[in-house]
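One structure is given below, encoded as C-alpha cells.
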Number of protein chains: 2
Amino acid sequence: MAKKTTRKGCDTTSAELKPDPTADELAGLAWAIAHPARVQILRLLIKRDACMCGEIVSRLPLAQSTVSQHLKILKESGLVQGEVDGPKVCYCVNEDKLQRLKQLVDGL
Amino acid sequence: MAKKTTRKGCDTTSAELKPDPTADELAGLAWAIAHPARVQILRLLIKRDACMCGEIVSRLPLAQSTVSQHLKILKESGLVQGEVDGPKVCYCVNEDKLQRLKQLVDGL
DNA sequence: ACGGTCAATCGTCTATCTGCGATTAACGAT
DNA sequence: ATCGTTAATCGCAGATAGACGATTGACCGT
C-alpha cells in the first residue's frame with residue numbers, strides 16, 4: 001500500500017516525525033502567551049509599567065490569586081522571572097527567552 | 001482582613017486595562033501554535049512537505065481524527081486554510097496571518 | 001449505481017485551564 | 001513579638017482541550 005503519489009519528492013514512505021525539539025519549545029513559549037491576560041501582563045512587564053503582582057492586579061480585572069496563577073505560568077515558561085524584594089516580588093521579563101520566542105516564531 | 005470588599009470598585013484610580021485588542025489577537029494566534037503537534041503540522045504546511053490530512057497523519061503519531069481536530073483549530077485561527085480538491089482537501093498556510101503573528105510577537 | 005478513498009464529525013473519556021474566595025507564608029516596620 | 005503588607009497556595013467549580021475509535025459525508029473512479 002502506501003501508494004500515494006509523490007507529492008513533493010520527499011520520502012513518501014512516511015518519515016514519521018523527527019524529534020523536533022523546537023516544536024515543543026515553541027509550543028511551550030506560545031502557550032505562555034496563549035491567553036489575553038498573560039499577554040497583557042507580559043506587556044506591562046516589558047514596558048515596566050508594572051513590576052509587582054499588586055500593580056498588575058490593579059490594572060487587570062482579575063483577582064489577585066488569578067494574576068498570581070498567570071504569573072506562575074509565565075514564570076514556568078521562562079519568559080518572566082521574579083526577584084524577591086522583601087515582602088514583595090519584583091517581576092521582570094527574561095529578555096533571552098523573549099528573544100528566543102521571537103526567533104522561533106520568525107523562523108517559522 | 002482589612003476591607004477587601006469593593007475589590008472591583010476601587011479600580012477607578014488606575015488606568016484599568018486598555019481595550020488592547022491585539023492582546024486577544026496575539027493570544028488567539030499563539031494559542032493555535034501552543035501545541036507541539038500543531039507546530040509540526042504548521043511547519044509541514046509551510047515547507048509544503050505535506051498538504052493533505054492523510055499525509056500529515058502518516059508523519060505524526062496521531063490518529064486521523066486527532067490531526068483533523070488540530071487542523072480545525074489551525075483553520076479557526078486563520079493561520080491555515082483548506083481548499084477542497086475533490087474528495088481531498090489541500091491545506092496551505094495563510095501567509096498574511098503568519099506574517100501578522102510574526103509581527104505581533106516581534107512587537108512585544 | 002456502486003465501491004473506494006479521504007476528511008469531518010460524533011461520542012466518550014480523562015486531564016488541564018481558568019477563575020474565585022479563603023487561607024497561609026514571608027518579610028519589613030514598629 | 002506583633003502587625004500590616006504582599007504574594008503564593010489551597011480548594012472548589014465550571015469549562016475546555018486533547019486523544020481516540022467509530023461513524024458519517026463528500027467525491028472520483030469504474
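Note that the structure is a prediction, hence the values are computed from the model and not measured. Here is the naming used below: chain letters follow the sequence lines, and residue numbers restart at 1 for every chain.
One donor-acceptor pair, N or O on each side, does fall under 3.5 Å between the base of D:dA8 and the side chain of A:Q64. Counting distance only, with no hydrogens placed and no angle test, the side-chain atoms of B:T66 and the base atoms of D:dG18 include no donor-acceptor pair under 3.5 Å.
Separating the CD1 atom of A:I56 from the C1' atom of D:dA8 is a distance of 14 Å, rounded to the nearest angstrom. Rounded to an integer number of Å, the gap from B:E83 CD to D:dA26 C1' is 17 Å. The interatomic distance linking A:Q69 (CD) with D:dC12 (C1') rounds to 13 Å, in whole Å. Computed from coordinates, the B:L60 CG to C:dA7 P distance equals 13 Å when rounded to whole Å. As a whole-Å value, the separation of B:L71 CG from C:dT9 P is 11 Å. One can place CD of A:E76 at 12 Å from P of D:dA8, the figure rounded to the nearest angstrom. One atom, CG of B:L62, and another, C1' of C:dA7, lie 16 Å apart when rounded to the nearest Å. Atom-to-atom, CZ of B:R38 to P of D:dG18 comes out at 5 Å; the value is rounded to the nearest Å.
Of the possible donor and acceptor atoms, none in the side chain of A:Q103 sits under 3.5 Å from a partner among the backbone N and O of A:Q99. Judged purely by atom type and a 3.5 angstrom limit, A:R38 uses its side chain to pair as donor or acceptor with the backbone of A:A32.
The SG atoms of A:C90 and A:C51 lie less than 2.5 Å from each other.
In this structure, B:I73 reaches the sugar-phosphate backbone alone: every heavy-atom distance under 4.0 Å involves primed, P, OP1 or OP2 atoms, never a base.
With D:dC20, D:dA17, D:dA7 as the choices, the nucleotide that has an atom nearest any side-chain atom of A:V89 turns out to be D:dA7. Taking only side-chain atoms of B:H35, from C-beta outward, the nucleotide of D:dA8, D:dT6, D:dG18 with the closest atom is D:dG18. Listed candidates were C:dA22, D:dA22, D:dT6. Nearest to the side chain of B:S65 is D:dA22. Which of C:dC17, C:dT9, D:dA7 sits closest to the side chain of A:K88 comes down to D:dA7. The A:A63 side chain lies nearest to C:dG21 when the options are D:dA17, C:dG21, C:dA7. Among the nucleotides C:dG21, D:dT9, D:dG18, the one closest to the side chain of A:S68 is D:dT9. The side chain of A:M52 sits closest to D:dA7 out of D:dA7, C:dT18, D:dT9.
One hydrophobic cluster holds both A:Y91 and A:L44 under the rule that ILVMFWY side chains link at heavy-atom gaps under 4.5 Å.
Between A:H70 and C:dC17, a side-chain N or O to OP1/OP2 separation shorter than 4.0 Å is absent.
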